[in-house]
Amino acid sequence: MSDILDRILAVKKQEISATQTQKSLDKIHDEARAVPAPRDFLQAIRSRINQNHAAVIAEIKRASPSKGLLRGQTESQNVSGSGHVGNLSGRNPILEDFIPTDIAASYARNGAACLSVLTDEQFFMGNADFLRQARAACDLPVLRKDFMLDEYQVYEARAMGADCILLIVAAFFSPIFQHDSAINQGDSALERMHKLETIAQELGMAVLVEVHNADELDLALQLSTPLIGINNRNLKTFETTLDTTLQLVKHIPSGRIIVTESGIRTPADVEMMLSHCIHTFLIGETFMRAPDPGVALANLFTTNLA
Ligand SMILES: O=C(O)c1ccccc1NCC(=O)[C@H](O)[C@H](O)COP(=O)(O)O
């Protein structure tokens, strides 16, 4: 296995097959159609920008492969119930703990356009319940942040309440997709991405397509979604450089909404992106490490768009 993405995708392959054994594609398909209608992710971004504000997709991420635990505890956490931690005597849950409802409400109060919630359990300590809890605690549209390869995961995303899915182009260039016929079922990378995009759109969800380099961008631009995420994190070294966004943005035609993802930490980072007309940001770690993630958002985004 060459990098973290390959290791994550190998686990996703197992998960997809195990989950389908428990719940059939037909059943998850029905559940996806039975949940309340999706919230408009694109409109939430556009409306913040039209009001002269940066649009922030604020992430709820308990841990990450690059940084380990970011917020909360690893033990005694109730992930399947309310999301609230038991036994808090002597500690301040807002300051110390990972409580998706509180984080989501704070993000909403402080001007986030949308939420992003990690649902991957093994590498990010995420959970589908975190998405459900966060969405129920506010009116913001929610991105299911996970590693999609298969149509089952798109229906599953909608069934858990997601309003947007993520398609990481690198996942479809990976050895596991390219060489495993059980996963690709004869589809090329572009064919599979098209299929997943179409299902998401039919279900009323938006699609954020994510790239790290020019080859991935070529493929992303063949999809119809206007939302193009440029991830500043190198998945082999975990280093982030905002230069990735600045280089790739030159090759994106007008009419797309560019989302700069990963490694945004300081007001200077935000100002630099705004000065290059990049108005949409996906930020996790900087907010997760702050005592109150929503207040950290408000403090990072103090200026209006020009
Ligand atoms: O965050 C990681 O370590 C990571 C490792 C491997 C694949 C993806 C990873 N992160 C997913 C993301 O895209 C970020 O959570 C998101 O862009 C926010 O980044 P940040 O603001 O740096 O937390």
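When a ligand or atom number is given, it counts from 1 through the structure's own listing order.
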Considering only non-hydrogen protein atoms, determine which one is nearest to [atom] and report residue, atom name and distance to 0.1 Å.
| atom | answer |
| --- | --- |
| atom 21 (O) of ligand 1 | G284 N, 2.8 Å |
| atom 17 (O) of ligand 1 | S262 OG, 2.7 Å |
| atom 9 (C) of ligand 1 | F124 CZ, 3.5 Å |
| atom 3 (O) of ligand 1 | S66 OG, 2.6 Å |

Suppose I only count heavy atoms of [X] and a 4.0 Å limit; which atoms of ligand 1 are within that range?
| X | answer |
| --- | --- |
| F238 | 5 (C) |
| L235 | 6 (C), 7 (C) |
| K61 | 1 (O), 14 (C), 15 (O), 19 (O), 20 (P), 23 (O) |
| I283 | 21 (O) |

With distance as the sole test, does [X] use its side chain to make a donor-acceptor pair with the main-chain N or O of [Y] at under 3.5 Å?
| X | Y | answer |
| --- | --- | --- |
| Q185 | S181 | no |
| R158 | E31 | no |
| R71 | R289 | no |
| E197 | T225 | yes |
| R144 | D163 | no |

If you measure every N or O of [X] against every N or O of ligand 1, does any of those distances drop under 3.5 Å?
| X | result |
| --- | --- |
| L282 | no |
| K67 | no |
| G263 | yes |
| R233 | yes |

- Query: Taking the six-membered ring where the residue is Trp, are the ring centres of F147 and F124 under 6.0 Å apart?
  - Reply: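 Yes, they do, as the ring centres are separated by less than 6.0 Å.
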
- From the candidates E261, K145, R289, the one that places a heavy atom nearest atom 12 (C) of ligand 1: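 The option holding the nearest heavy atom is K145.
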
- Message: Counting only heavy atoms, tell me which of R265, R7, E285, E59 gets closest to atom 18 (C) of ligand 1.
- Response: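 The nearest heavy atom belongs to E59.
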
- Measure the CG-CG distance between L118 and N127 for me, rounded to the nearest 0.5 Å. 11.0 Å

- Would you say I230 and H212 make side-chain contact, with heavy atoms under 4.5 Å? no

- Do we see a donor-acceptor contact under 3.5 Å between the side chains of T240 and N234? no

- Item | Charged tip of R62 within 45° of F98 ring normal and under 6.0 Å |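 The answer is yes, since R62 meets both limits relative to F98.
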
- Report the part of N231 in contact with ligand 1, treating N, CA, C, O as backbone and CB onward as side chain, heavy atoms under 4.0 Å; options are side chain, backbone, both, neither.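 The side chain, only.
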
